[in-house]
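First comes the structure, then the notes that go with it.
So you know, we letter chains A, B, ... as the sequences are listed, proteins then strands, and number each from 1.
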Protein chains: 2
Amino acid sequence: MAWNTAETKRKLKDAAVAEFAAHGLDGTTMEKIARRAGLNKERLYSYFGDKPQLFATVLADELNKVAAAVPLTEIEGPQAVGDYAADVYDYHSAHPELTRLLLWEGLMDLPEVPDEAARTDYYRAKVAVFERAQREGRISGRIPAADLAFLVLALAGWWYAVPQMARMMHADKASGAASNRTALKEAAARLAAPE
Amino acid sequence: MAWNTAETKRKLKDAAVAEFAAHGLDGTTMEKIARRAGLNKERLYSYFGDKPQLFATVLADELNKVAAAVPLTEIEGPQAVGDYAADVYDYHSAHPELTRLLLWEGLMDLPEVPDEAARTDYYRAKVAVFERAQREGRISGRIPAADLAFLVLALAGWWYAVPQMARMMHADKASGAASNRTALKEAAARLAAPE
DNA sequence: CTCAACTCCAACGTTTCCGTTGGATTCTGA
DNA sequence: TCAGAATCCAACGGAAACGTTGGAGTTGAG
(Lines give C-alpha, C1' and ligand atoms only; values in the text may rest on other atoms or scores of the structure.)
Protein backbone atom coordinates (compact mmCIF):
# COMPACT_ATOMS: atom_id res chain seq x y z
CA MET A 1 0.00 0.00 0.00
CA ALA A 2 1.37 3.38 -0.98
CA TRP A 3 2.07 6.10 1.55
CA ASN A 4 -0.44 8.87 1.61
CA THR A 5 0.83 11.59 3.84
CA ALA A 6 -1.81 14.13 2.99
CA GLU A 7 -4.60 11.69 3.72
CA THR A 8 -2.99 10.66 6.98
CA LYS A 9 -2.73 14.28 8.07
CA ARG A 10 -6.33 14.91 7.14
CA LYS A 11 -7.51 11.92 9.15
CA LEU A 12 -5.55 13.09 12.16
CA LYS A 13 -6.86 16.61 11.88
CA ASP A 14 -10.46 15.48 11.52
CA ALA A 15 -10.11 13.28 14.55
CA ALA A 16 -8.51 16.14 16.47
CA VAL A 17 -11.37 18.49 15.60
CA ALA A 18 -13.90 16.01 16.89
CA GLU A 19 -12.06 15.24 20.10
CA PHE A 20 -11.06 18.80 20.94
CA ALA A 21 -14.55 20.10 20.22
CA ALA A 22 -16.06 17.45 22.44
CA HIS A 23 -13.65 17.51 25.37
CA GLY A 24 -11.49 20.62 25.14
CA LEU A 25 -7.75 20.88 25.39
CA ASP A 26 -7.36 19.30 28.80
CA GLY A 27 -10.09 16.71 28.36
CA THR A 28 -8.65 15.34 25.15
CA THR A 29 -5.87 12.80 24.99
CA MET A 30 -3.46 12.43 22.13
CA GLU A 31 -3.94 8.68 22.32
CA LYS A 32 -7.66 8.97 21.68
CA ILE A 33 -7.21 11.28 18.72
CA ALA A 34 -4.78 8.85 17.15
CA ARG A 35 -7.03 5.88 17.78
CA ARG A 36 -10.04 7.69 16.34
CA ALA A 37 -7.96 8.29 13.22
CA GLY A 38 -6.85 4.66 13.21
CA LEU A 39 -3.23 5.72 13.54
CA ASN A 40 -0.46 5.95 16.02
CA LYS A 41 0.09 8.74 18.49
CA GLU A 42 3.58 9.33 17.25
CA ARG A 43 2.21 10.55 13.92
CA LEU A 44 0.49 13.40 15.75
CA TYR A 45 3.68 14.55 17.39
CA SER A 46 5.75 14.31 14.25
CA TYR A 47 3.23 16.18 12.09
CA PHE A 48 1.73 18.70 14.48
CA GLY A 49 3.94 19.07 17.53
CA ASP A 50 2.52 18.85 21.01
CA LYS A 51 -1.06 19.18 22.14
CA PRO A 52 -1.41 22.98 22.34
CA GLN A 53 0.12 23.34 18.89
CA LEU A 54 -2.29 20.80 17.50
CA PHE A 55 -5.19 22.62 19.06
CA ALA A 56 -4.07 25.89 17.51
CA THR A 57 -3.70 24.29 14.09
CA VAL A 58 -7.10 22.71 14.26
CA LEU A 59 -8.82 25.91 15.33
CA ALA A 60 -7.15 28.02 12.67
CA ASP A 61 -8.27 25.52 10.04
CA GLU A 62 -11.87 25.55 11.16
CA LEU A 63 -11.93 29.33 11.22
CA ASN A 64 -10.76 29.44 7.65
CA LYS A 65 -13.58 27.13 6.72
CA VAL A 66 -16.28 29.27 8.29
CA ALA A 67 -14.80 32.42 6.77
CA ALA A 68 -15.29 30.87 3.36
CA ALA A 69 -18.71 29.39 4.13
CA VAL A 70 -20.53 32.39 5.58
CA PRO A 71 -19.59 35.48 3.60
CA LEU A 72 -20.88 38.96 4.31
CA THR A 73 -20.03 41.68 1.84
CA GLU A 74 -23.03 43.95 1.82
CA ILE A 75 -25.91 44.82 4.12
CA GLU A 76 -28.95 46.19 2.34
CA GLY A 77 -30.99 46.78 5.46
CA PRO A 78 -32.07 45.40 8.84
CA GLN A 79 -33.52 42.33 7.21
CA ALA A 80 -30.10 41.45 5.81
CA VAL A 81 -28.70 41.54 9.33
CA GLY A 82 -31.34 39.04 10.40
CA ASP A 83 -30.49 36.87 7.43
CA TYR A 84 -26.82 36.99 8.27
CA ALA A 85 -27.49 35.96 11.87
CA ALA A 86 -29.59 33.08 10.61
CA ASP A 87 -26.80 32.04 8.23
CA VAL A 88 -24.32 32.00 11.09
CA TYR A 89 -26.77 30.04 13.20
CA ASP A 90 -27.27 27.52 10.41
CA TYR A 91 -23.56 27.11 9.93
CA HIS A 92 -23.05 26.47 13.62
CA SER A 93 -25.96 24.08 13.56
CA ALA A 94 -24.31 22.09 10.79
CA HIS A 95 -20.80 22.41 12.26
CA PRO A 96 -21.13 22.64 16.02
CA GLU A 97 -17.41 21.96 16.39
CA LEU A 98 -16.39 25.47 15.46
CA THR A 99 -18.35 27.27 18.15
CA ARG A 100 -17.21 24.77 20.71
CA LEU A 101 -13.58 25.23 19.74
CA LEU A 102 -13.98 28.98 19.97
CA LEU A 103 -15.55 28.67 23.39
CA TRP A 104 -12.83 26.38 24.66
CA GLU A 105 -10.32 28.86 23.37
CA GLY A 106 -12.13 31.74 25.03
CA LEU A 107 -12.08 29.96 28.35
CA MET A 108 -8.33 29.53 28.20
CA ASP A 109 -7.99 33.31 28.03
CA LEU A 110 -4.70 33.41 26.26
CA PRO A 111 -3.05 36.80 25.98
CA GLU A 112 -2.89 36.24 22.23
CA VAL A 113 -4.65 33.70 20.05
CA PRO A 114 -3.13 31.69 17.22
CA ASP A 115 -3.31 33.45 13.89
CA GLU A 116 -4.27 36.64 15.65
CA ALA A 117 -3.45 39.01 12.82
CA ALA A 118 -5.46 37.17 10.16
CA ARG A 119 -8.40 36.71 12.46
CA THR A 120 -8.40 40.37 13.43
CA ASP A 121 -8.49 41.30 9.75
CA TYR A 122 -11.38 38.94 9.20
CA TYR A 123 -13.46 40.41 12.00
CA ARG A 124 -12.55 43.95 11.11
CA ALA A 125 -13.76 43.33 7.56
CA LYS A 126 -17.13 42.26 8.93
CA VAL A 127 -17.27 45.35 11.11
CA ALA A 128 -16.45 47.49 8.11
CA VAL A 129 -19.48 46.13 6.29
CA PHE A 130 -21.69 47.17 9.18
CA GLU A 131 -19.99 50.56 9.32
CA ARG A 132 -20.64 51.22 5.68
CA ALA A 133 -24.29 50.28 5.95
CA GLN A 134 -24.61 52.64 8.89
CA ARG A 135 -22.86 55.50 7.15
CA GLU A 136 -25.12 55.12 4.16
CA GLY A 137 -28.18 55.06 6.37
CA ARG A 138 -29.35 51.58 5.48
CA ILE A 139 -29.33 50.46 9.12
CA SER A 140 -29.40 52.26 12.44
CA GLY A 141 -26.23 53.92 13.68
CA ARG A 142 -27.25 53.89 17.32
CA ILE A 143 -25.04 50.93 18.20
CA PRO A 144 -21.36 51.28 17.20
CA ALA A 145 -20.55 48.98 14.31
CA ALA A 146 -18.08 46.83 16.21
CA ASP A 147 -20.54 46.27 19.03
CA LEU A 148 -23.36 45.66 16.63
CA ALA A 149 -21.48 43.01 14.69
CA PHE A 150 -20.34 41.39 17.90
CA LEU A 151 -23.83 41.30 19.37
CA VAL A 152 -25.31 39.79 16.25
CA LEU A 153 -22.84 36.95 16.63
CA ALA A 154 -23.81 36.75 20.29
CA LEU A 155 -27.42 36.13 19.38
CA ALA A 156 -26.45 33.41 16.94
CA GLY A 157 -23.86 31.74 19.14
CA TRP A 158 -25.38 31.74 22.62
CA TRP A 159 -27.56 28.71 21.89
CA TYR A 160 -24.45 26.61 21.47
CA ALA A 161 -22.57 28.24 24.32
CA VAL A 162 -25.10 27.38 27.00
CA PRO A 163 -27.37 24.67 25.63
CA GLN A 164 -28.37 23.67 29.12
CA MET A 165 -29.80 27.16 29.69
CA ALA A 166 -31.64 27.07 26.38
CA ARG A 167 -33.13 23.73 27.28
CA MET A 168 -34.30 24.83 30.73
CA MET A 169 -35.77 28.10 29.50
CA HIS A 170 -37.85 26.39 26.84
CA ALA A 171 -38.94 23.68 29.24
CA ASP A 172 -42.68 23.63 28.63
CA LYS A 173 -43.04 23.98 24.91
CA ALA A 174 -41.20 21.85 22.39
CA SER A 175 -40.03 24.94 20.58
CA GLY A 176 -37.26 23.40 18.50
CA ALA A 177 -34.47 24.82 16.43
CA ALA A 178 -36.75 26.26 13.75
CA SER A 179 -38.58 28.58 16.11
CA ASN A 180 -35.30 29.56 17.76
CA ARG A 181 -34.03 30.51 14.36
CA THR A 182 -37.07 32.65 13.63
CA ALA A 183 -36.71 34.47 16.93
CA LEU A 184 -33.03 35.00 16.29
CA LYS A 185 -33.70 36.50 12.88
CA GLU A 186 -36.22 38.93 14.26
CA ALA A 187 -33.91 39.85 17.13
CA ALA A 188 -30.88 40.51 14.94
CA ALA A 189 -32.93 42.65 12.56
CA ARG A 190 -34.16 44.68 15.50
CA LEU A 191 -30.63 45.59 16.52
CA ALA A 192 -30.19 47.27 13.16
CA ALA A 193 -33.69 48.70 12.65
CA PRO A 194 -33.78 52.43 11.88
CA GLU A 195 -35.42 54.64 14.51
CA MET B 1 -6.83 26.44 67.81
CA ALA B 2 -10.42 25.34 67.70
CA TRP B 3 -11.83 23.33 64.82
CA ASN B 4 -13.77 25.41 62.42
CA THR B 5 -15.42 23.11 59.97
CA ALA B 6 -17.62 25.73 58.39
CA GLU B 7 -14.68 28.01 57.72
CA THR B 8 -12.67 25.14 56.30
CA LYS B 9 -15.48 24.24 53.95
CA ARG B 10 -15.83 27.83 52.86
CA LYS B 11 -12.14 28.11 52.10
CA LEU B 12 -12.24 24.94 50.06
CA LYS B 13 -15.29 26.04 48.15
CA ASP B 14 -13.83 29.44 47.37
CA ALA B 15 -10.65 27.86 46.13
CA ALA B 16 -12.66 25.40 44.05
CA VAL B 17 -14.67 28.21 42.45
CA ALA B 18 -11.49 29.99 41.44
CA GLU B 19 -9.76 26.94 40.07
CA PHE B 20 -12.75 25.48 38.25
CA ALA B 21 -13.65 28.84 36.74
CA ALA B 22 -10.09 29.29 35.54
CA HIS B 23 -9.33 25.83 34.24
CA GLY B 24 -12.55 23.86 33.96
CA LEU B 25 -13.28 20.40 35.26
CA ASP B 26 -10.50 18.58 33.45
CA GLY B 27 -7.93 21.33 33.78
CA THR B 28 -8.31 21.58 37.53
CA THR B 29 -6.54 19.31 39.99
CA MET B 30 -7.79 18.51 43.44
CA GLU B 31 -4.30 19.06 44.75
CA LYS B 32 -4.23 22.65 43.52
CA ILE B 33 -7.61 23.48 45.00
CA ALA B 34 -6.47 22.18 48.36
CA ARG B 35 -3.20 24.05 48.24
CA ARG B 36 -4.91 27.28 47.26
CA ALA B 37 -7.09 26.84 50.33
CA GLY B 38 -4.04 26.04 52.44
CA LEU B 39 -5.44 22.63 53.26
CA ASN B 40 -5.04 19.00 52.39
CA LYS B 41 -6.59 17.26 49.44
CA GLU B 42 -8.21 14.71 51.66
CA ARG B 43 -10.49 17.38 53.14
CA LEU B 44 -12.00 17.91 49.70
CA TYR B 45 -12.86 14.27 49.30
CA SER B 46 -14.29 13.90 52.79
CA TYR B 47 -16.45 17.02 52.53
CA PHE B 48 -17.47 17.12 48.90
CA GLY B 49 -16.89 13.76 47.29
CA ASP B 50 -15.00 13.40 44.05
CA LYS B 51 -14.23 16.05 41.45
CA PRO B 52 -17.48 16.06 39.47
CA GLN B 53 -19.51 16.26 42.66
CA LEU B 54 -17.42 19.18 43.85
CA PHE B 55 -17.93 20.94 40.54
CA ALA B 56 -21.68 20.47 40.79
CA THR B 57 -21.75 21.80 44.34
CA VAL B 58 -19.70 24.82 43.43
CA LEU B 59 -21.82 25.70 40.44
CA ALA B 60 -25.09 25.30 42.31
CA ASP B 61 -23.78 27.65 45.00
CA GLU B 62 -22.76 30.32 42.54
CA LEU B 63 -26.09 30.13 40.78
CA ASN B 64 -27.89 30.70 44.04
CA LYS B 65 -25.75 33.77 44.59
CA VAL B 66 -26.58 35.33 41.25
CA ALA B 67 -30.24 34.54 41.65
CA ALA B 68 -30.24 36.59 44.82
CA ALA B 69 -28.04 39.38 43.44
CA VAL B 70 -29.81 40.19 40.17
CA PRO B 71 -33.55 40.08 40.73
CA LEU B 72 -36.13 40.72 38.04
CA THR B 73 -39.74 40.91 39.11
CA GLU B 74 -41.25 43.50 36.83
CA ILE B 75 -40.60 44.98 33.41
CA GLU B 76 -42.08 48.42 32.89
CA GLY B 77 -40.93 48.80 29.33
CA PRO B 78 -38.10 48.31 26.83
CA GLN B 79 -35.81 50.50 28.90
CA ALA B 80 -36.19 48.12 31.82
CA VAL B 81 -35.01 45.28 29.62
CA GLY B 82 -31.90 47.28 28.81
CA ASP B 83 -31.36 47.97 32.48
CA TYR B 84 -31.72 44.32 33.33
CA ALA B 85 -29.18 43.34 30.68
CA ALA B 86 -26.80 45.92 32.08
CA ASP B 87 -27.32 44.56 35.59
CA VAL B 88 -26.49 41.07 34.43
CA TYR B 89 -23.45 42.40 32.61
CA ASP B 90 -22.30 44.22 35.73
CA TYR B 91 -22.74 41.16 37.86
CA HIS B 92 -20.71 39.06 35.47
CA SER B 93 -18.12 41.80 35.35
CA ALA B 94 -17.78 41.70 39.12
CA HIS B 95 -18.03 37.89 39.32
CA PRO B 96 -16.61 36.47 36.11
CA GLU B 97 -16.44 33.03 37.70
CA LEU B 98 -20.14 32.35 37.28
CA THR B 99 -20.28 32.80 33.52
CA ARG B 100 -17.17 30.75 33.13
CA LEU B 101 -18.56 27.93 35.22
CA LEU B 102 -21.76 28.00 33.18
CA LEU B 103 -19.76 27.85 29.97
CA TRP B 104 -17.63 24.97 31.17
CA GLU B 105 -20.81 23.20 32.12
CA GLY B 106 -22.36 23.92 28.76
CA LEU B 107 -19.38 22.45 26.98
CA MET B 108 -19.68 19.21 28.90
CA ASP B 109 -23.16 18.78 27.45
CA LEU B 110 -24.55 16.65 30.20
CA PRO B 111 -27.98 15.15 29.58
CA GLU B 112 -29.06 16.73 32.85
CA VAL B 113 -27.45 19.42 34.96
CA PRO B 114 -27.11 19.42 38.74
CA ASP B 115 -30.05 21.01 40.50
CA GLU B 116 -32.00 20.90 37.26
CA ALA B 117 -35.44 21.34 38.75
CA ALA B 118 -34.59 24.42 40.81
CA ARG B 119 -32.73 26.03 37.97
CA THR B 120 -35.57 25.40 35.56
CA ASP B 121 -37.95 27.08 37.98
CA TYR B 122 -35.62 30.03 38.26
CA TYR B 123 -35.39 30.54 34.51
CA ARG B 124 -39.07 29.97 33.97
CA ALA B 125 -39.82 32.67 36.52
CA LYS B 126 -37.74 35.11 34.52
CA VAL B 127 -39.52 34.08 31.35
CA ALA B 128 -42.85 34.59 33.08
CA VAL B 129 -41.92 38.20 33.85
CA PHE B 130 -41.26 38.80 30.16
CA GLU B 131 -44.47 37.06 29.26
CA ARG B 132 -46.53 39.25 31.55
CA ALA B 133 -44.95 42.43 30.20
CA GLN B 134 -45.74 41.27 26.68
CA ARG B 135 -49.34 40.34 27.50
CA GLU B 136 -49.89 43.74 29.04
CA GLY B 137 -48.40 45.46 26.06
CA ARG B 138 -45.47 47.08 27.82
CA ILE B 139 -42.95 45.47 25.48
CA SER B 140 -43.12 43.94 22.04
CA GLY B 141 -44.60 40.48 21.66
CA ARG B 142 -42.85 39.75 18.38
CA ILE B 143 -40.22 37.52 19.97
CA PRO B 144 -41.57 34.68 22.15
CA ALA B 145 -40.86 35.39 25.81
CA ALA B 146 -38.56 32.43 26.33
CA ASP B 147 -36.45 33.37 23.34
CA LEU B 148 -36.47 37.02 24.29
CA ALA B 149 -35.24 36.35 27.82
CA PHE B 150 -32.63 33.97 26.52
CA LEU B 151 -31.34 36.41 23.92
CA VAL B 152 -31.09 39.22 26.43
CA LEU B 153 -28.80 36.99 28.46
CA ALA B 154 -26.90 36.19 25.27
CA LEU B 155 -26.15 39.87 24.72
CA ALA B 156 -24.92 40.24 28.28
CA GLY B 157 -22.94 37.03 28.43
CA TRP B 158 -21.22 36.81 25.06
CA TRP B 159 -18.47 39.23 26.06
CA TYR B 160 -17.27 36.76 28.65
CA ALA B 161 -17.84 33.72 26.48
CA VAL B 162 -15.52 34.81 23.68
CA PRO B 163 -13.32 37.59 25.04
CA GLN B 164 -10.78 36.94 22.33
CA MET B 165 -13.40 37.78 19.70
CA ALA B 166 -14.42 40.92 21.54
CA ARG B 167 -10.81 42.02 21.71
CA MET B 168 -10.15 41.44 18.03
CA MET B 169 -13.33 43.14 16.88
CA HIS B 170 -12.59 46.26 18.86
CA ALA B 171 -8.99 46.29 17.77
CA ASP B 172 -8.60 49.90 16.66
CA LYS B 173 -10.44 51.88 19.29
CA ALA B 174 -9.88 51.47 22.99
CA SER B 175 -13.59 51.09 23.50
CA GLY B 176 -13.58 49.68 27.01
CA ALA B 177 -16.19 48.06 29.17
CA ALA B 178 -18.23 51.22 29.65
CA SER B 179 -19.00 51.65 25.98
CA ASN B 180 -19.70 47.95 25.62
CA ARG B 181 -22.19 48.31 28.41
CA THR B 182 -23.91 51.23 26.72
CA ALA B 183 -24.19 49.34 23.45
CA LEU B 184 -25.54 46.31 25.28
CA LYS B 185 -28.19 48.38 26.99
CA GLU B 186 -29.36 49.87 23.73
CA ALA B 187 -29.36 46.47 22.05
CA ALA B 188 -31.37 44.74 24.76
CA ALA B 189 -33.93 47.52 24.79
CA ARG B 190 -34.30 47.19 21.01
CA LEU B 191 -35.26 43.54 21.31
CA ALA B 192 -38.23 44.59 23.39
CA ALA B 193 -39.15 47.85 21.64
CA PRO B 194 -42.80 48.07 20.53
CA GLU B 195 -43.37 48.23 16.79
C1' DC C 1 19.76 -3.64 -7.06
C1' DT C 2 20.99 -0.68 -3.29
C1' DC C 3 20.76 2.64 -0.12
C1' DA C 4 19.17 6.72 2.01
C1' DA C 5 15.07 8.90 3.31
C1' DC C 6 10.54 8.63 4.66
C1' DT C 7 6.48 6.56 7.05
C1' DC C 8 4.65 4.15 10.61
C1' DC C 9 3.99 1.71 15.22
C1' DA C 10 4.79 -0.97 19.68
C1' DA C 11 6.73 -0.20 23.70
C1' DC C 12 8.93 2.63 27.07
C1' DG C 13 10.26 6.12 30.90
C1' DT C 14 8.45 9.88 33.24
C1' DT C 15 5.28 12.75 35.20
C1' DT C 16 0.96 13.85 36.99
C1' DC C 17 -3.26 13.15 38.99
C1' DC C 18 -6.88 10.63 41.40
C1' DG C 19 -8.74 8.87 45.42
C1' DT C 20 -7.39 6.37 49.85
C1' DT C 21 -5.22 5.10 54.13
C1' DG C 22 -2.89 5.08 58.51
C1' DG C 23 -1.96 7.67 62.06
C1' DA C 24 -1.24 12.04 64.67
C1' DT C 25 -3.60 15.89 66.74
C1' DT C 26 -7.51 18.28 68.72
C1' DC C 27 -11.84 18.57 70.67
C1' DT C 28 -15.97 17.16 73.66
C1' DG C 29 -18.87 14.97 76.85
C1' DA C 30 -19.20 12.17 80.83
C1' DT D 1 -9.49 13.43 83.68
C1' DC D 2 -10.04 10.28 79.98
C1' DA D 3 -12.21 7.74 76.22
C1' DG D 4 -13.97 8.20 71.97
C1' DA D 5 -15.15 11.00 68.05
C1' DA D 6 -13.91 14.35 64.77
C1' DT D 7 -10.45 16.93 62.17
C1' DC D 8 -6.48 17.07 59.69
C1' DC D 9 -2.25 15.68 56.80
C1' DA D 10 1.87 13.04 54.80
C1' DA D 11 2.46 9.46 52.16
C1' DC D 12 0.99 5.83 49.14
C1' DG D 13 -0.82 2.69 45.25
C1' DG D 14 -2.59 2.69 40.94
C1' DA D 15 -4.02 4.53 36.64
C1' DA D 16 -3.55 7.52 32.87
C1' DA D 17 -1.43 10.77 29.91
C1' DC D 18 2.55 12.95 27.77
C1' DG D 19 6.11 12.85 24.64
C1' DT D 20 10.08 9.78 22.90
C1' DT D 21 12.69 6.03 20.93
C1' DG D 22 14.27 2.13 18.44
C1' DG D 23 13.32 -0.45 14.86
C1' DA D 24 10.55 -2.44 11.06
C1' DG D 25 8.37 -1.70 6.69
C1' DT D 26 8.07 1.20 2.21
C1' DT D 27 9.48 4.17 -1.44
C1' DG D 28 12.12 6.07 -5.23
C1' DA D 29 16.47 7.84 -7.16
C1' DG D 30 20.80 6.57 -9.00
Side-chain angles (χ1 to χ4, degrees), chain A residues 1-61 97 100-101 104-105 107-108 110 114, chain B residues 1-61 97 100-101 104-105 107-108 110 114:
Chain A
M1 196 208 306
W3 297 130
N4 194 338
T5 308
E7 174 69 5
T8 298
K9 283 190 189 178
R10 195 196 53 76
K11 275 191 208 157
L12 287 171
K13 223 163 8 185
D14 286 354
V17 167
E19 290 289 330
F20 278 135
H23 307 114
L25 180 65
D26 290 313
T28 295
T29 78
M30 297 295 263
E31 179 67 38
K32 269 184 159 177
I33 295 175
R35 290 189 53 185
R36 178 188 274 255
L39 292 161
N40 189 275
K41 204 176 27 161
E42 180 268 355
R43 286 293 84 197
L44 279 175
Y45 286 98
S46 78
Y47 285 142
F48 302 104
D50 63 11
K51 195 156 68 155
Q53 279 176 54
L54 175 57
F55 187 88
T57 302
V58 153
L59 181 54
D61 268 33
E97 307 86 18
R100 294 179 59 91
L101 290 173
W104 289 116
E105 185 194 49
L107 284 169
M108 306 191 212
L110 313 162
Chain B
M1 200 208 302
W3 296 131
N4 193 338
T5 308
E7 175 69 5
T8 297
K9 283 190 190 177
R10 194 194 54 76
K11 275 190 208 158
L12 288 171
K13 222 160 14 181
D14 286 353
V17 168
E19 291 289 330
F20 278 136
H23 307 114
L25 180 64
D26 289 314
T28 295
T29 77
M30 297 296 262
E31 180 67 38
K32 268 184 158 179
I33 295 175
R35 288 188 55 182
R36 178 188 273 255
L39 291 161
N40 189 276
K41 204 174 32 161
E42 180 267 355
R43 286 293 83 198
L44 280 175
Y45 287 97
S46 77
Y47 286 142
F48 301 104
D50 63 11
K51 196 155 69 154
Q53 278 176 56
L54 175 57
F55 187 89
T57 303
V58 153
L59 181 54
D61 267 35
E97 306 85 19
R100 295 179 58 92
L101 289 173
W104 289 117
E105 186 194 49
L107 284 169
M108 305 193 216
L110 313 162

Handout entry: Nearest atoms (heavy-atom pairs only) where A/K51 meets A/L25
Key = NZ-O, 3.0 Å
Handout entry: B/K13 side chain reached by B/F48 side chain, heavy atoms, under 4.5 Å
Key = yes
Exercise for the section: Could you check how far CG of B/L39 sits from P of D/dA6, rounded to whole Å? Expected result: 19 Å
Practice task
May I ask you to evaluate whether A/T5 reaches the phosphate of C/dT7, defined as a side-chain N or O under 4.0 Å from OP1 or OP2?
Solution key: yes
List, with names and distances, any nitrogen or oxygen atoms from the protein found under 3.5 Å away from nitrogen or oxygen atoms belonging to nucleotides 18-22 of chain C.
from	atom 1	to	atom 2	distance (Å)
C/dC18	OP1	B/T28	O	3.2
C/dC18	OP1	B/M30	N	3.4
C/dC18	OP1	B/K51	NZ	2.9
C/dC18	OP2	B/M30	N	3.0
C/dG19	OP2	B/Y45	OH	3.3
C/dG19	N7	B/K41	NZ	3.2
C/dG19	O6	B/K41	NZ	2.3

Problem - For atom OH of B/Y47 and atom C1' of D/dC8, their distance in whole Å - result: 8 Å
Exercise for the section: Using atom types as modelled and distance alone, determine if a side-chain donor or acceptor of A/D14 lies under 3.5 Å from a backbone N or O of A/V17. Expected result: no
Practice task
Evaluate the salt bridge (Lys or Arg N to Asp or Glu O under 4.0 Å) criterion for residues A/E97 and A/R100: first the C-alpha distance (whole Å), next the side-chain angles of each, then the deciding distance (0.1 Å), finally the verdict.
Solution key: CA-CA 5 Å; A/E97 307 86 18; A/R100 294 179 59 91; over 6 Å; no
Handout entry: Sub-4.5 Å side-chain heavy-atom contact between B/R35 and B/K32
Key = no
Problem - DNA chain D contacts among residues 7-24 of chain B, heavy-atom distance under 4.0 Å - result: B/T8
Handout entry: Audit row: B/T28, B/F55, side chain to side chain contact (heavy atoms under 4.5 Å, CB included) steps and yes/no
Key = CA-CA 10 Å; B/T28 295; B/F55 187 89; over 6 Å; no
Exercise for the section: Please report, rounded to the nearest Å, how far the C1' atom of D/dG19 is from the CZ atom of A/F48. Expected result: 16 Å
Problem - Validation row: B/F20, B/L59 side chains within 4.5 angstrom (heavy atoms) - result: no
Fill in the blank from the handout: Between the CG atom in A/L44 and the OG1 atom in A/T8, the distance rounded to the nearest 0.5 Å is 11.0 Å
